[in-house]
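First up is the structure itself, then whatever we jot down about it.
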Amino acid sequence: MKKKIVVVGNGMVGYKFCEKLIAKDAAQEFDLVVFGEEIRPAYDRVHLSAYFAGKTVEDLTMAPASWYAENGITLHLSDPIVDIDRDAKTVRSHHGLVEAYDYLVLATGSAAFVPPIPGVEKDGVFVYRTIEDLDMMQNHAKKAKKGAVIGGGLLGLEAAKALLDLGLEETHVIEFAPRLMPRQVDDAGSKMLQTKLEELGLKIHLNKNTQEIRGNGAISSMLFADGVELEVDMLVISAGIKPRDEVARIAGLEVGVRGGVIVNDYLQTSDPNIYAIGECALAHHMIYGLVAPGYEMADVVVNQLVKDKDKSFKPFDMSTKLKLIGVDVASFGDAFIQEPNCQTIVYENSAKGIYKRINISNDGKYLLGGILIGDAEQYNMLLQNVKNQTVLPPDPEDLMLGARGGKEESGAGVMALPDDASICSCEAISKGQICGEVLAGNNTLDAIKKCTKAGTGCGGCVPMVKDLINETMKSQGVYIRNIICEHFEYTRQELFDLVKIKGYKTYEEALDGLGHGDGCETCKPAVASILASLWNEMILVKGNDTVQDSNDRYLANIQKNGTYSVVPRIPGGEITPDKLIVIGQVALKYGLYTKITGGQRIDLFGAHVSDLPAIWEELVNAGFESGHAYGKALRTVKSCVGSTWCRFGLHDSVSFAIEIEERYRGLRAPHKFKSAVSGCTRECAEAQSKDFGIIATEKGWNLYVCGNGGVKPQHALLLASDIDSETCIKYIDRFLMFYIKTAEPLTRTATWLNKLDGGIDYLKAVVIDDVLGLNKQFEDEMNMLVEAYRCEWKEVVTNPELRKRFTHFVNAPHIKDPNVKFEPMRDQIKAAEWVK
Amino acid sequence: MSNILAEDTLVWHLACSEADIPENGGACALIKGEQIAIYNFKRRGEWFATQNLCPHRQQMALSRGMIGSTGEEQEPKVACPFHKKTFSLKTGACLSGDDYQIQTYPVKVENGMVYVGL
Ligand SMILES: Cc1cc2nc3c(=O)[nH]c(=O)nc-3n(C[C@H](O)[C@H](O)[C@H](O)COP(=O)(O)OP(=O)(O)OC[C@H]3O[C@@H](n4cnc5c(N)ncnc54)[C@H](O)[C@@H]3O)c2cc1C
Ligand code: SF4
Ligand code: SF4
Ligand code: FES
């Protein structure tokens, strides 16, 4: 006989209970019937405010009604339970349905607590709990000018932000206590928070006791105990929550003095067949007003019903981070513990509006809790430290301030956590589970969300999940031999050496000699890059054309609609008027969109593949060369104008930039690389954000390496100072060859250095002190590559066989792809938007 | 979408010459108004043809993708140049975890000429 479970309440926790039960494959064992009072299936109340920001009901819905049907769950909406007959074991709904149960789960949540202030019933007074509340607020806000929120807690501040966003001219926050967020934040933190909120346009009133809500039918003002009257035409009450224990009371279940259905550690009420979970449950003498403990409660009950593991509900961490308001606020662990029971470290920066406090055990070993205002970036890390009782480093303030000195990458700390550290407390997902999934190939945030549900609740753990993904991937490179792919059981470095020793010149030779199978889109470009770095031969000959990445194969960058972009090299960013005119003429003739790039050259977009050879023929004839914007190769050497014109310039940065760019043009590497030369420390060329950057000094040049803009900006580090031009080039030769030989595929210099054992000090030892004894070889190899350079486009335009490959239709070379679409924009064209 | 074509409805269309398709790569032919990607998988001595349209962002690009194989079974595949979604050249199934399916076509080579069956 199947047993029947009836769930009362279809809110976040009630829904999660269903989801977890279904996940246990309990459909054969149980019939599941759900009664919800609201008119729609459960939605994400935590992100309710996002409704004002444009999220739809659908976006917020946890699972559509069809999900319940598909999983055999009977869902009655708009039909609250009004009575429980515990002897007959039945419930009765508002519409008169009587349903028998074997187990009853109360998940009735809570309602906003409305203090008995005279006038609360007036029009224009709202609570902030359901989608209907928000609809009504939105309507009323259209004609309202001045708004107020009673309650300066977590929810009150969120409601206040919502009023601001609804466009009210003035928004006041009225708090009874002497500080904001009294349960999470101390006095000093509250002050800082207040300043920040006032900057956002909120008006904060502390120590204010509302005595009356005045108005004729609709609210027009509020009167406070101190006699002050405040004119408002809209009010949101957010003074706390009141557990929905009405039905439980009627049924004679034990409830707390201040409300809430009393439950034991197994979430059983005084009737063992009736459970209470979520915000209606009074566990450990308290109401857990957050979603994560509610989910944990659902899990505990599900485990009991399916008799899986014996799990009880333990006191749950109530650390919180305020979302949305535009000011970071977080409190975690024991935020209020004071000396002499602990050591407290406080950091205050009023200019930046930052206040941080951490409480440390007296022996200095453990973090107990803390508060972060204005910058809560370290919240997740600190919280984990508290939860896992990690032994603190000698300078615990580093934890709160973030790593300084720039050597360590942020996020590296997550790997120090134990495997069972809970990362997503909403879904109770541990670090070990996430890392396991990453290793199993689920290495994007979306994939992790899909397979573990981590990050789908309050979202607070998302930054940490991202760090875990990155760090796990990175650690694979270090601890696991990072072989190229299933076709080559070698690391890139091994393959590089082997290809060189064997003297292979084509991908097919390498695959026959060192790999197996047919190859794939991973090993083909990797080997192609190695071949190019070793021999610097034309990349489109000897059958190597089809192993190039698409951009290399067509010597141009593929763009959104399948057309390509054309980027001629403009060394150092210096160009003659004549050449500028040619670029303009070519763009006009072929209908191309033109834009100045970040690397001081000109990009021409929208070229049909079949036009590429003709376009380049004209450019080559005018003296241009390929800019290799399509290759994992040197991009540009940016320069400032330097001593030839600039009154501060120490040396001729443009000439040096051109020399460097012409030396390394066309040099292929594991990834693209960029450079820049500045004529003095004012650094107009931004050399310190480049893979290698050069800055003029009184005595010569300073050489910086391994900087990066892009996804993860990183400043370049000083490799050598006050060196002459010749030494500078020698060091760059060595540095680049060392990088080319040892980096993993598609690894920029910055990431390569981060992984390099010994870091910049080791790099200096190699490049300057020659600890490997390879510098002579590095220089010879580089010279060979420099000698071998030829412009790829020049070769294509003069070779009819190669030109032939640049068509869209092999059987109709004169026809262009009819699917290519452009749209007009600011007197030029843009690629038609693609389907999403 | 089905990949099984009854023999009697199949019409062979001349696409191009053998030399028009690069070895171990692909090119696109226009056949009866349709863009068909043809692949010369020299390494396996096999020819394949699929739609040229990548279903991901609807780009006419598959013929410009790299080909290769994957797994124990050495399933032949093509990777779209845009976002590297991969598709089986045999079945048209998406091999990189999405719910896409592309159309595949039979190919034959006779006297140096390539024919595609539509
Ligand atoms: C604006 C806002 C922001 C929040 N932000 C956060 C946050 O950042 N982090 C966080 O952790 N938490 C946050 N919370 C709290 C979080 O939303 C709650 O902890 C969570 O929704 C509790 O889930 P629940 O299922 O217990 O209750 P609810 O989601 O309230 O669901 C209970 C449901 O039961 C229904 N019900 C009641 N009585 C009956 C009955 N007799 N019969 C049938 N149905 C009934 C109710 O109508 C309701 O639909 C926020 C809440 C609000 C309102
Ligand atoms: S970096 Fe120095 S030399 Fe170059 S433009 Fe700026 S101020 Fe002038
Ligand atoms: S920043 Fe992003 S969108 Fe802009 S050009 Fe680079 S890749 Fe494209
Ligand atoms: S368009 Fe083909 S993978 Fe995105």
Side-chain angles (χ1 to χ4, degrees), chain A residues 441-442 444 446-447 450 485-487 506-508 511-512 516-525 528 540 542-554 557-564 609 801 804-805 807-813 815 817-821 831-836, chain B residues 13-17 19-31 33 35-44 46 52-82 84-86 89 95-97 114 116:
Chain A
N442 290 310
T444 63
D446 281 345
K450 218 168 170 180
C485 71
E486 59 183 293
H487 305 106
T506 70
Y507 173 79
E508 288 288 300
L511 184 60
D512 288 337
H516 47 82
D518 308 313
C520 68
E521 70 281 3
T522 304
C523 57
K524 285 185 170 182
L540 298 184
K542 301 188 182 168
N544 283 339
D545 54 340
T546 53
V547 303
Q548 305 293 338
D549 239 326
S550 173
N551 286 349
D552 270 320
R553 180 168 168 199
Y554 292 97
N557 290 29
I558 194 163
Q559 306 293 345
K560 240 177 177 176
N561 57 2
T563 58
Y564 287 86
V609 66
E801 273 310 302
K804 236 176 68 187
R805 294 287 185 217
T807 54
H808 188 71
F809 296 116
V810 271
N811 58 346
I815 299 182
D817 180 1
N819 278 51
V820 166
K821 298 261 167 9
E833 197 45 56
W834 58 16
V835 285
K836 287 231 170 93
Chain B
H13 298 271
L14 173 65
C16 55
S17 78
D20 283 337
I21 313 289
E23 289 177 4
N24 295 308
C28 174
L30 187 61
I31 302 175
Q35 299 203 16
I36 310 288
I38 304 171
Y39 312 89
N40 174 3
F41 214 143
K42 181 88 185 306
R43 197 175 170 81
R44 299 164 65 111
E46 290 181 287
N52 193 30
L53 185 75
C54 174
H56 175 228
R57 292 277 185 264
Q58 311 278 316
Q59 301 289 310
M60 284 296 182
L62 292 180
S63 59
R64 299 182 207 167
M66 279 177 269
I67 61 174
S69 69
T70 180
E72 297 270 296
E73 306 291 321
Q74 307 237 351
E75 183 82 4
K77 61 171 182 174
V78 59
C80 174
F82 275 91
K84 297 277 159 68
K85 306 254 178 222
T86 54
L89 291 172
L95 303 175
S96 39
V114 182
V116 177

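The model shown is predicted, which means the values in this text are computed figures rather than measured ones. Below, read A as the first sequence line, B as the second, and so on, with proteins coming before strands; counting in each chain starts at 1.
Looking at Y554(A), the atoms closer than 4.5 Å to chain B (heavy atoms on both sides) all sit in the side chain, from C-beta outward. Only the side chain of V609(A) has a heavy atom closer than 4.5 Å to any heavy atom of chain B. Residue contact with chain A, scored on non-hydrogen atoms closer than 4.5 Å, involves the backbone of A19(B) exclusively. For chain A, the nearby parts of A29(B) are the backbone and the side chain; heavy atoms of each come within less than 4.5 Å. If you measure heavy-atom distances from I21(B) to chain A, the contacts under 4.5 Å come from both the backbone and the side chain. Only the side chain of T86(B) has a heavy atom closer than 4.5 Å to any heavy atom of chain A. If you measure heavy-atom distances from N551(A) to chain B, you find no contacts under 4.5 Å at all.
Of the listed residues R44(B), Q74(B), Q35(B), the one with more heavy-atom pairs under 4.5 angstrom with chain A than any other is Q35(B). Between chain B and the residues A812(A), C485(A), G562(A), the most heavy-atom pairs under 4.5 angstrom are made by G562(A). When the candidates I815(A), L511(A), V547(A) are compared by the number of heavy-atom contacts under 4.5 Å with chain B, L511(A) comes out ahead. Of the listed residues C16(B), P22(B), A61(B), the one with more heavy-atom pairs under 4.5 angstrom with chain A than any other is P22(B). For the set P818(A), G517(A), C523(A), the count of heavy-atom pairs under 4.5 angstrom toward chain B peaks at G517(A). Top candidate by heavy-atom pairs under 4.5 Å with chain A, chosen from I36(B), V78(B), T70(B), is T70(B). Between chain A and the residues S63(B), G68(B), C28(B), the most heavy-atom pairs under 4.5 angstrom are made by C28(B).
Residues R553(A) and G65(B) approach most closely at NH1-O, 4.3 Å, considering heavy atoms. Closest non-hydrogen pair, N811(A) versus A15(B), comes out as CB-O, 3.1 Å. Counting all heavy atoms, side chain and backbone alike, M60(B) lies closest to D817(A) at CB-OD2, 3.4 Å. Scanning all heavy atoms of the two residues, the minimum distance from D20(B) to V810(A) falls at O-CG1, 3.4 Å.
Note that the OG atom of S69(B) and the CD atom of E486(A) stand 6.5 Å from one another [nearest 0.5 Å]. A distance of 3.5 Å separates NZ in K77(B) from CD in E521(A), rounded to the nearest 0.5 Å. Here the CG-OG1 distance, from N40(B) to T546(A), works out to 9.0 Å after rounding to the nearest 0.5 Å. Rounded to the nearest 0.5 Å, atoms NZ (K42(B)) and CG (D518(A)) are 13.5 Å apart.
For the pair I558(A) and Q59(B), the minimum side-chain heavy-atom distance is 4.5 Å or more.
Tested against M66(B) for a side-chain contact (heavy atoms from CB on, under 4.5 Å), the candidates C520(A), S550(A), P525(A) yield a single pass: P525(A).
Applying the 6.0 Å contact sphere to NZ of K84(B) captures more than 12 heavy atoms from other residues, nucleotides or ligands.
Contacts of R64(B) classified as side-chain hydrogen bond (donor to acceptor under 3.5 Å, both in side chains), with partners at least two apart in sequence or in another chain: Y564(A), H808(A). Applying the salt bridge (charged side-chain N to carboxylate O under 4.0 Å, His left out) criterion to K524(A), with sequence neighbours excluded, gives no partner residue.
Between N819(A) and Q58(B), the side chains place no donor N or O within less than 3.5 Å of an acceptor N or O (distance only, hydrogens not considered).
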